[in-house]
Amino acid sequence: MKKYFLIIFILCFFAPSSLLADYVDDKLPADTSTQIKQGARQIIQLGVKKRHVVKVTNRMLEADFKKDEILSAYNVLIRAKKQQLPEDPIMDKLNEGIAKDVQPDKIILAMKKVRARYETASTYAKILAVDEDHIETMTKEIAECMAAGIDANDIHKVAEALREKAKDMRRSSADALSKRSVRIMKTMARSGVESQDALSVVESAFESGYDAKDMEGLENSFRLNVRWTSSASDLAKAYAKVIKDGAKFTDTEFYDPWTTSFGSQIPGGGIRPGGPGGVLLGVPGGGIPPGAPTGSPPVGGVPSGGAPGGAPPPPAASGK
C-alpha cells in the first residue's frame, strides 16, 4: 500500500513539471536560451495560460528582443501575478507595442506603467469592495478611469467618499453606486473633461444623494450632450452646478450651450414640469431656438443617427 502512495505522490508533484518542460521545449525554438525557458515556466506556474506565454515569447523572439529584454518583460508579469493583479492588460500592452514596432525598452516601460496603474487601482478597489469578484471588477474600472486621464488623487477622494456613504447603504447598493461613480468619471475623461471637473460632478452628485440609477441617468445625459459642445469640461461644470441645485437627469435632458442651462424634451416642445429648469432645445415642430446663432443644434432632441429630418449634425458651439 505504501508503494502505491509513493507512486501517486511522484505523479502529482513531479509529472506536471516534466510535462511543462516538454511543452515549453516543444513550442519555443530549439536555440532559445535556458534562462528564457525557465522564465516562461515560472510565469506558467504562477497561473498564466501556457499557450499565451509561449505565444508572446515567440513574438518577442521574432521582434528581435534581446534575452535581457525578454527577462525584463517576464519580471513585470511575474510581479503582477505575485500581487494578484490581472496579467491580460500587461500582455495586451506588450502585444500592442510589438505590433506597432515600438522599441523593446519603451514597451517594457509601458508594461511597468500598466502594472503600476493596476496596483494603485487595486488599492482603491479594496477601499470600495469586499468580495473578490467586485474587487476585481472595480480594479479594472478604476485602472481604465486612470488611463483615461483621471488623477489618482481624485480617485482616492471618490473612494473615501464612497466608503463613508457605504456605511448607511446596503452592500449591493453601495457596490452599484461605486461602479457607476467611477464609470461616469471614465466617460467624462474620455470625452476630454479635466480630472478636477469630473471630480466636481461626482462630488456634487454625492452631496445631492444620487444613487446608482441617478448616476446612470447622469452618464446617459452627458453622453448625449457632449456631442454638441466645444468644451467637455465646461459642460461638466454646468452639470455640477445644476446637480447642486437638485437636478437629476435622464437621456432626454438637453443642454443649451447658449444659455448654459438644461431642459427636458416633451411632445410639442416646452419644459418638462419639475425639470431642472432652463430652456428646452425644442419648439413645436422642431427647428432652431429663437435667437440662437446660425448653425445651432436642432431642437426637440437629436436622435442617435443625427439631426431630425436627416440633416447633418451641426457644428460645435463656439462658446457660451
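As the structure is a prediction and not an experimental result, all values here were calculated from the model.
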Novice: Quick check: do Y23 and R51 have side-chain heavy atoms less than 4.5 Å from each other?
Specialist: yes

Novice: State yes or no: do L109 and I70 share one hydrophobic cluster built from I, L, V, M, F, W and Y residues joined by side-chain heavy-atom distances below 4.5 Å, directly or via other members?
Specialist: no

Novice: Check this for me, if you would: do E96 and K93 make a salt bridge, where the nitrogen-to-carboxylate-oxygen distance has to be below 4.0 angstrom?
Specialist: yes

Novice: Using a 4.5 Å cut-off on heavy atoms from C-beta on, say whether the side chain of D92 contacts that of V114.
Specialist: no

Novice: Output all residues satisfying salt bridge (Lys or Arg N to Asp or Glu O under 4.0 Å) with R171, sequence neighbours left out; order by chain, then residue number.
Specialist: D175

Novice: Taking the side chain as C-beta and beyond, is there a heavy-atom pair between M138 and K126 under 4.5 Å?
Specialist: no

Novice: Just how far is it from atom NZ of K66 to atom CG of D105, taken to the nearest 0.5 Å?
Specialist: 9.5 Å

Novice: Within this structure, what is the CG-OG1 distance for the pair L128 and T123, rounded to the nearest 0.5 Å?
Specialist: 11.5 Å

Novice: Within the structure provided, determine whether V202 and F206 are in side-chain contact (heavy-atom separation under 4.5 Å).
Specialist: yes

Novice: Could you go step by step and tell me if F65 and L94 meet the side chain to side chain contact (heavy atoms under 4.5 Å, CB included) rule?
Specialist: CA-CA 12 Å; F65 276 55; L94 172 56; 4.3 Å; yes

Novice: Looking only at heavy atoms, which two atoms of P29 and K37 are closest? And how far apart?
Specialist: O-CE, 4.2 Å

Novice: Are the side chain of N95 and the backbone N or O of M91 linked by a donor-acceptor pair below 3.5 Å?
Specialist: yes

Novice: Please determine whether side chain to side chain contact (heavy atoms under 4.5 Å, CB included) holds for the pair V201 and L218, giving the CA-CA distance in whole Å, both sets of side-chain angles, and the decisive distance to 0.1 Å.
Specialist: CA-CA 10 Å; V201 172; L218 170 59; 3.8 Å; yes

Novice: Is it the case that the side chains of Y239 and S204 hold a donor-acceptor pair, with the cut-off being a distance below 3.5 Å and no angle test?
Specialist: no

Novice: Taking A116's backbone N and O only, do any of them form a donor-acceptor pair with T120's side chain (distance below 3.5 Å, no angle check)?
Specialist: yes

Novice: What closest approach, in Å, do A205 and M215 show between heavy atoms, and which atom pair accounts for it?
Specialist: CB-CE, 3.4 Å

Novice: Would you please indicate yes or no on a ring centroid separation below 6.0 angstrom for F249 and F222?
Specialist: no

Novice: Check whether any side-chain heavy atom of L162 sits under 4.5 Å from a side-chain heavy atom of S181, and report yes or no.
Specialist: yes

Novice: Check this for me, if you would: do D25 and R41 make a salt bridge, where the nitrogen-to-carboxylate-oxygen distance has to be below 4.0 angstrom?
Specialist: yes

Novice: Check whether any side-chain N or O of T229 sits under 3.5 Å from a backbone N or O of V226 as a donor-acceptor pair, and report yes or no.
Specialist: no

Novice: Kindly give the heavy-atom pair with the smallest separation between T139 and S122, and that separation in Å.
Specialist: OG1-CA, 3.5 Å

Novice: Is there a side chain to side chain contact (heavy atoms under 4.5 Å, CB included) between R163 and S178? Walk through the geometry before answering.
Specialist: CA-CA 9 Å; R163 176 160 61 180; S178 64; over 6 Å; no

Novice: Report yes if the side chains of V48 and I44 come closer than 4.5 Å at any heavy-atom pair, otherwise no.
Specialist: no

Novice: Answer yes or no: is there a side-chain heavy-atom contact under 4.5 Å between D234 and K237?
Specialist: yes

Novice: As an exercise, state the distance from CD1 of I142 to CD1 of I135, rounded to the nearest 0.5 Å.
Specialist: 10.5 Å

Novice: Donor-acceptor check, side chain of T137 to backbone of D133, threshold 3.5 angstrom: yes or no?
Specialist: yes

Novice: My understanding is that only residues two or more places apart in sequence, or in another chain, count here; which of them pass salt bridge (Lys or Arg N to Asp or Glu O under 4.0 Å) with R183?
Specialist: E141

Novice: Which distance, rounded to the nearest 0.5 Å, do you find between the NZ of K179 and the CD of E216?
Specialist: 10.5 Å

Novice: Could you tell me whether D101 atom CG has more than 12 heavy atoms of other residues or ligands within 6.0 Å of it?
Specialist: no

Novice: How far apart are the closest heavy atoms of A232 and G192, and which atoms are they?
Specialist: CB-C, 4.0 Å

Novice: Say you draw a straight line from CD of E119 to CD of Q84; how long is it, rounded to the nearest 0.5 Å?
Specialist: 12.5 Å

Novice: Tell me whether E203 at atom CD has more than 12 heavy atoms from other residues, nucleotides or ligands lying less than 6.0 Å away.
Specialist: yes

Novice: Whether E219 and R180 form a salt bridge (side-chain N of Lys/Arg under 4.0 Å from carboxylate O of Asp/Glu) is what I want to check.
Specialist: yes

Novice: Does atom CD (Q103) have a neighbourhood of more than 12 heavy atoms from anything else shown, all under 6.0 Å?
Specialist: no

Novice: Of the options L46, V76, I90, which is the one that meets K81 in a side-chain contact (heavy atoms from CB on, under 4.5 Å)?
Specialist: L46

Novice: Identify the two heavy atoms, one from Y74 and one from I36, that lie closest to each other, and give their separation to 0.1 Å.
Specialist: CE1-O, 3.3 Å

Novice: Given 3.5 Å as the limit, does a donor-acceptor pair link the side chain of D168 with the main chain of K165, or not?
Specialist: no

Novice: Give a yes or no answer on whether the side chain of S221 reaches the backbone of G217 with a donor-acceptor pair at less than 3.5 Å.
Specialist: no

Novice: So how far is it from L235 CG to S230 OG, rounded to the nearest 0.5 Å?
Specialist: 10.0 Å

Novice: Applying side chain to side chain contact (heavy atoms under 4.5 Å, CB included) to K55 and K50, what does each step give before you reach the verdict?
Specialist: CA-CA 8 Å; K55 182 177 180 180; K50 58 186 180 181; over 6 Å; no

Novice: Has the side chain of S191 got a donor or acceptor atom that lies under 3.5 Å from a matching backbone atom of V193?
Specialist: no

Novice: Indicate the atoms forming the closest heavy-atom contact of A73 with M60, along with that distance.
Specialist: CB-SD, 3.9 Å

Novice: Identify all side-chain donor-acceptor contacts of residues 146-157 below 3.5 Å with residues at least two apart in sequence or on another chain.
Specialist:
unit_1: D151; atom_1: OD2; unit_2: N153; atom_2: N; d: 2.9
unit_1: D154; atom_1: OD2; unit_2: S195; atom_2: OG; d: 2.5
unit_1: H156; atom_1: NE2; unit_2: E160; atom_2: OE2; d: 3.2

